[in-house]
A.B. asks: 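Shown below is the structure under consideration.
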2 protein chains.
Amino acid sequence: MSAALPRRTQAERSDAMRQRLLAATLESLAEDGYAGSTLSSIVRRAGVSRGAQVHHYPNKQALMLDAADDLLRSSYRTLGAVLLSVADEDNRLEMLVQATWERLFATPLYRAYTELLVASQRDAVLAEALRGMLLRVSKVFEPAVEHYFMPAPGTRENLKALFLQFACLLGGLASQAHLLNDTAHVAAQLKLWTRQAKLVMHARKGVRTPPPRPVEWDRPAGI
Amino acid sequence: MSAALPRRTQAERSDAMRQRLLAATLESLAEDGYAGSTLSSIVRRAGVSRGAQVHHYPNKQALMLDAADDLLRSSYRTLGAVLLSVADEDNRLEMLVQATWERLFATPLYRAYTELLVASQRDAVLAEALRGMLLRVSKVFEPAVEHYFMPAPGTRENLKALFLQFACLLGGLASQAHLLNDTAHVAAQLKLWTRQAKLVMHARKGVRTPPPRPVEWDRPAGI
DNA sequence: TATGATACAGTCTGGACTGTATGTAAATGT
DNA sequence: ACATTTACATACAGTCCAGACTGTATCATA
């Protein structure tokens with residue numbers, strides 16, 4: 001009976017299908033890795049046919065590029081939520097560090113990102129895409145940092161460089177976390193960086209409003 | 001004529017063949033990635049036949065495990081050379097940081113390690129092998145750190161944690177270096193960490209002898 | 001030097017994957 | 001209502017890979 005299929009419009013059908021495919025792709029990247037994410041396994045995971053995928057994405061690279069875009073977009077939104085969540089906190093830096101780790105780096109989505117990142121070492125198109133997306137993310141993240149924090153008086157620390165260090169540290173930590181049999185190492189590392197950062201920066205007093213951010217990134221998908 | 005083949009012993013033949021296969025495997029890992037390193041491509045790169053590989057390694061995983069062992073062993077030796085090279089330097093920390101980056105992390109060998117690391121997320125055997133090897137490396141590196149450096153007076157910094165941070169930072173940096181179009185970022189990050197580390201530690205005065213290290217790791221190959 | 005063991009070479013096959021080609025249903029425009 | 005476009009489904013073709021298999025050369029030993 002067509003009660004379960006209440007006559008969707010073409011755009012709705014396409015969007016829903018693309019969504020399912022992208023979600024399945026990111027899941028598959030996190031679980032099975034880049035090479036293990038075959039088109040067959042992805043459509044199986046998404047519960048759709050092979051034809052649906054080939055209709056929306058002519059080849060594997062197109063699907064991966066769109067998945068990367070979706071991933072970065074989603075991460076941006078999470079980052080935004082994290083930044084909002086620390087807006088009125090007192091120990092803002094600790095909260096930011098912890099939340100960034102828990103909600104961004106210690107997630108399946110970051111594992112998917114790792115796969116794309118490693119694959120981008122041999123795929124120039126993917127590399128260029130990731131470069132552009134990261135640039136857009138940082139273009140919004142860095143003002144947010146300046147919005148919330150300032151160099152400690154007497155220091156002239158480059159906050160951008162400090163947070164790039166933070167990102168690299170968390171990335172390296174996440175990549176090797178499964179080899180460190182003691183999970184306390186991670187907590188210790190987060191504490192360590194927080195302590196170091198506090199030496200050269202602190203939260204701006206009285207700032208409780210979220211930083212500005214471009215609205216177009218809040219839309220779930222599509223340009 | 002057998003002039004070109006001066007009657008090698010069996011062990012010599014085997015060792016030479018394994019060496020060629022391992023070198024080709026690590027090359028292939030760095031260039032073509034884990035999934036791209038097929039047995040066919042590896043033996044082609046090594047210039048040997050398919051039968052040679054299957055004789056020495058019953059399956060792909062065995063080859064990869066031995067390659068990982070060879071990689072870690074080689075990295076250990078490089079690390080040892082780096083530590084020796086900074087033995088009588090005045091600005092020891094800067095030298096150590098720079099040399100570790102240039103000779104360890106900014107090399108094809110580290111790219112091969114990255115591939116193995118990512119693959120180990122889905123290969124429990126490989127993960128366990130890497131874990132054990134890393135443990136052995138750190139068991140030697142950490143005493144060397146204590147040998148060369150000490151916490152700055154007044155601080156009670158954990159040098160082990162600090163160098164784990166260093167390793168994670170360099171790892172993350174190396175993984176994303178190809179996306180940072182400005183190579184100055186890397187140099188800035190190395191400087192930044194050096195500056196931070198100097199706040200809490202410094203080189204031991206008068207120490208010019210290399211740290212102790214187990215001899216068995218100096219042998220080029222084999223257990 | 002005869003015999004067995006080891007090292008190496010080349011081929012075959014079943015399976016899996018990507019891209020393509022063709023067929024059907026649903027939605028849209030007129 | 002009907003033609004056309006869009007969305008999806010299924011079948012197929014060509015390629016590639018890992019492991020198995022068979023054959024040959026080289027070495028060790030007695």
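None of the values given here were measured: they were computed from a predicted structure. Note on naming: letters A, B, ... go to the chains in the order of the sequence lines (proteins, then strands), and numbering restarts at 1 for each one.
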A.B. asks: Mind calculating the distance between OH (B:Y34) and C1' (D:dC17) to the nearest angstrom?
C.D. replies: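 Distance, rounded to whole Å: 14 Å.
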A.B. asks: Measure the shortest side-chain to side-chain distance between A:W193 and B:Q165 over non-hydrogen atoms and say whether it is less than 4.5 angstrom.
C.D. replies: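 Sidechains of B:Q165 and A:W193: in contact.
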A.B. asks: Salt bridge check, B:E146 against B:K160: does any charged N sit closer than 4.0 Å to a carboxylate O?
C.D. replies: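 No, no charged N to carboxylate O under 4.0 Å.
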A.B. asks: Quick one: on DNA chain C, does B:A52 or A:S37 contact a more 5' nucleotide (nearest heavy atom)?
C.D. replies: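 Looking at DNA chain C, the more 5' nearest nucleotide goes with B:A52.
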A.B. asks: Specify the separation, in whole Å, of atom CZ of A:R50 and atom P of C:dT20.
C.D. replies: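 Checked: the CZ to P distance equals 10 Å.
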A.B. asks: Using atom CG of A:D15 as one end and atom P of D:dT6 as the other, report the distance to the nearest whole Å.
C.D. replies: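 Going from CG in A:D15 over to P in D:dT6 covers 15 Å.
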A.B. asks: Give a yes/no on whether any side-chain N or O of A:H55 is located under 4.0 angstrom from OP1 or OP2 of D:dT6.
C.D. replies: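 Result: no.
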A.B. asks: Starting at atom CD of A:E12, determine the distance to atom P of D:dC8, rounded to an integer number of angstrom.
C.D. replies: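 The distance from CD of A:E12 to P of D:dC8 comes to 12 Å, rounded to the nearest Å.
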A.B. asks: Return the orientation label for the A:Y110 and A:F105 ring planes: parallel under 30°, perpendicular over 60°, tilted otherwise.
C.D. replies: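 A:Y110 and A:F105: tilted rings.
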A.B. asks: Does OP1 or OP2 of D:dA7 have a side-chain N or O of A:H56 closer than 4.0 Å?
C.D. replies: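 It does not, given that no N or O in the side chain of A:H56 lies less than 4.0 Å from OP1 or OP2 of D:dA7.
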A.B. asks: Taking only the side-chain heavy atoms of A:L39 (C-beta and beyond), determine which of D:dG19, C:dG19, D:dA9 contains the nearest atom.
C.D. replies: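 Given the options D:dG19, C:dG19, D:dA9, the side chain of A:L39 is closest to C:dG19.
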A.B. asks: Let me know the distance between CD of A:Q19 and C1' of D:dC8, rounded to the nearest Å.
C.D. replies: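 In whole Å, D:dC8 C1' lies 18 Å from A:Q19 CD.
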A.B. asks: Which part of the nucleic acid does A:S49 contact within heavy-atom distance under 4.0 Å: base, sugar-phosphate only, or nothing?
C.D. replies: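 Base contact.
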A.B. asks: Ignoring hydrogens and geometry, is there a side-chain-to-backbone donor-acceptor pair from A:S120 to A:D123 under 3.5 Å?
C.D. replies: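 Checked: no pair found.
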A.B. asks: Do the numbers put B:K60 on top of the ring of B:Y34, so that NZ or CZ is under 6.0 Å from the six-membered ring centre and no more than 45° off the axis?
C.D. replies: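 Satisfied, under 6.0 Å and within 45°.
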A.B. asks: Considering every strand and a 4.0 Å limit on heavy-atom distances, what is the contact class for A:R13: base, sugar-phosphate, or nothing?
C.D. replies: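 Here A:R13 touches the backbone only, sparing every base.
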A.B. asks: Provide, to the nearest angstrom, the distance between the CE atom belonging to B:M17 and the C1' atom belonging to C:dT6.
C.D. replies: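 That distance rounds to 13 Å.
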A.B. asks: Rounded to whole Å, how long is the line connecting atom CD1 of B:I42 with atom C1' of D:dC17?
C.D. replies: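 Atom CD1 in B:I42 sits about 12 Å away from atom C1' in D:dC17.
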A.B. asks: Assuming nearest nucleotide by heavy-atom distance, tell me which of B:V54 and A:R18 is located more 5' along DNA chain D.
C.D. replies: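 By nearest-heavy-atom nucleotide position, the 5'-most residue is A:R18.
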A.B. asks: Provide, to the nearest angstrom, the distance between the CD atom belonging to B:Q53 and the P atom belonging to D:dG19.
C.D. replies: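 Going from B:Q53 (CD) to D:dG19 (P), I get 8 Å.
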